[in-house]
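For reference, the structure is listed below as structure tokens.
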There are 2 protein chains.
Amino acid sequence: MDFYKGEPSILLAVDCIIFGFNGESLEILLIKRDLEPERNKWSLMGGFVKPEESPEGAATRVLKKLTGLENVYMDNCGIFGDPKRESHRRVVSITYFALIDTQQYQHIISDQYEAKWFPLDQHPDLIFDHKDMIAAAKRELRTKAALYPILFELLPDKFTIPQIASLYECVYNIQLDKRNFSRKLLASDLIIKLKEKDKENSKKGAFYYRLNTDIYKEKIMSFLRYLPSWSVENE
Amino acid sequence: MDFYKGEPSILLAVDCIIFGFNGESLEILLIKRDLEPERNKWSLMGGFVKPEESPEGAATRVLKKLTGLENVYMDNCGIFGDPKRESHRRVVSITYFALIDTQQYQHIISDQYEAKWFPLDQHPDLIFDHKDMIAAAKRELRTKAALYPILFELLPDKFTIPQIASLYECVYNIQLDKRNFSRKLLASDLIIKLKEKDKENSKKGAFYYRLNTDIYKEKIMSFLRYLPSWSVENE
DNA sequence: ACAAAAGTGTTGCGTGTACACCCATGC
DNA sequence: GCATGGGTGTACACGCAACACTTTTGT
């Protein structure tokens with residue numbers, strides 16, 4: 001039986017905002033678009049949702065195609081469906097942000113695309129509404145990261161506390177008191193101290209830590225301690 | 001020119017989780033589905049996205065069709081795109097939750113649909129994955145309402161503090177200390193005291209308040225004071 | 001008068017912030 | 001030994017939960 005006959009069909013796409021952290025700044029991975037229209041312009045990595053996959057599945061596939069990475073943290077961060085967003089054809093795009101460890105990425109990068117990292121706030125002009133998508137992803141990343149410790153996804157397995165502190169500083173564009181930050185993080189039981197020290201960035205050296213994955217998963221999964229909080233303040 | 005030729009077309013739908021508060025419990029508005037397949041079964045209000053409208057526009061249209069209401073608070077709360085979610089045809093559905101003031105709704109209800117309010121946790125069996133949609137909407141409502149004072153959207157223009165306190169109790173299934181709640185709310189400058197009292201629910205009577213829309217909009221728009229908060233706890 | 005719900009005053013505790021200080025190391 | 005960044009101790013402020021207490025009114 002063919003229900004819904006005559007209903008308008010719309011093309012459904014996904015676009016990925018791929019975040020990485022190089023120790024200095026928060027960056028996003030952009031590609032030179034490889035199909036018409038707008039071929040060769042800078043763009044987010046994306047693709048159409050195929051009949052046998054979910055939107056999230058499409059995003060996962062597209063991400064793997066570009067980076068070779070699997071099991072990457074991804075999360076929906078918007079729906080872009082303005083009828084005029086692409087002038088040629090009606091396409092609704094669902095966006096996902098991905099957090100990847102650039103250490104792992106370096107080695108597996110696909111040569112099929114001309115891909116390049118750009119500082120989050122200094123990307124070139126992009127096609128369609130991709131600029132808005134990035135802005136939405138940044139907002140969503142900030143919101144999520146304030147509630148759940150997802151930023152660890154951007155770091156290698158072994159990391160130092162100064163490293164993650166500077167990551168938070170990049171994400172929120174703030175200055176943190178590293179001493180208090182360190183204490184707070186340790187008190188959370190989220191990280192486990194290793195024997196080894198990183199001596200590259202200081203004479204004394206900072207201990208390496210790794211995630212306590214049990215506690216991490218618990219915190220990622222759990223919800224807010226839902227209480228009204230009207231003490232919302234501006235950025 | 002016809003770019004993207006040969007790309008699979010997918011039907012795109014929206015479904016609305018319509019929340020209302022009757023003073024006693026949090027409820028959702030369900031309808032008896034009026035088209036095949038699954039005609040006459042309980043369902044969320046929904047519809048297909050038309051070529052000339054955005055998904056959000058479709059949700060707004062569909063909501064107005066059922067309730068007659070416009071300018072209703074709505075927010076995306078999920079994407080349901082499993083290839084097998086409807087066995088007959090590939091449909092991806094974007095869900096929106098809506099917060100309406102049931103006082104206004106009572107009078108304008110459309111007779112075109114058999115619609116009925118159900119307590120959020122006691123709804124009948126629903127078609128497809130609509131049950132999951134409601135669960136996702138509930139989670140999203142709780143998260144949003146913990147960060148922004150959106151629950152006022154569920155109340156009439158004039159409301160009392162005990163009223164909104166009991167709304168929070170319903171949404172989070174908790175007991176609040178009304179005394180502290182009242183103080184906290186007043187300190188937020190979100191509400192403005194009126195001369196009048198509601199004497200229906202107590203002998204002393206509780207003052208009516210109305211929203212301070214300036215402060216309200218500011219708080220709704222503003223983002224988190226983005227700071228890492230790992231003190232996440234379970235429900 | 002008294003019950004019942006609205007609303008205020010007060011206090012202790014926990015968390016975050018600021019900052020003085022100590023520690024380890026390379027040069 | 002001294003500069004540099006890593007890390008600890010401590011003190012104060014603030015916000016929130018707890019709860020005794022006051023207020024207002026209907027019966």
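Just so we're on the same page: letters track the sequence lines, and every chain starts at 1.
As a whole-Å value, the separation of B/Lys197 NZ from C/dA4 P is 18 Å. Put simply, CG on A/Asn201 is 12 Å from C1' on D/dG6, counting in whole angstrom units. Straight-line distance from the CD atom of A/Glu200 to the P atom of C/dA24: 22 Å, rounded to whole Å. At whole-Å resolution of the value, CZ in B/Phe181 and P in C/dT8 are 14 Å apart. Computed from coordinates, the B/Glu196 CD to D/dT25 C1' distance equals 17 Å when rounded to whole Å. Rounding to whole angstrom units, CG of residue A/Leu185 and C1' of C/dT17 are separated by 17 Å. Summarising the geometry, the separation between CD on A/Gln175 and P on D/dG5 is reported as 13 Å, rounded to the nearest angstrom. Computed from coordinates, the A/Leu176 CG to D/dG6 C1' distance equals 15 Å when rounded to whole Å.
Counting non-hydrogen atoms under 4.0 angstrom, B/Lys178 reaches nothing in the nucleic acid.
No salt bridge links B/Asp157 with B/Arg210; every basic N to acidic carboxylate O contact stays at or beyond 4.0 Å. A/Lys158 and A/Asp198 are not joined by a salt bridge, as no carboxylate oxygen comes within less than 4.0 angstrom of a charged side-chain nitrogen.
Taking 3.5 Å as the limit, the base of C/dA5 and the side chain of B/Lys204 contain no donor-acceptor pair of atoms between them. One can find a donor-acceptor pair under 3.5 Å joining the base of C/dA18 and the side-chain atoms of A/Asn180. A donor and an acceptor atom sit less than 3.5 Å apart, one in the side chain of A/Arg183 and one in the base of D/dG9.
Aromatic rings of B/Phe80 and B/Phe128 (six-membered ring for Trp) have centroids beyond the 6.0 Å cut-off, not under it. Remark: aromatic rings of A/Phe181 and A/Tyr168 are close, center separation under 6.0 Å.
Both A/Ser182 and B/Asp177 sit near DNA chain D, but only A/Ser182 has its closest nucleotide nearer the 5' end.
Taking the ring axis of A/Tyr209 as reference, the NZ or CZ atom of A/Lys193 does not stay both within 45° of it and closer than 6.0 Å to the ring centre.
In the set D/dC16, D/dG7, D/dA3, D/dA3 carries the atom at the smallest distance from any side-chain atom of A/Lys203. Comparing atom distances between the A/Ser202 side chain and each of D/dG6, D/dT4, D/dC16 picks out D/dG6 as nearest.
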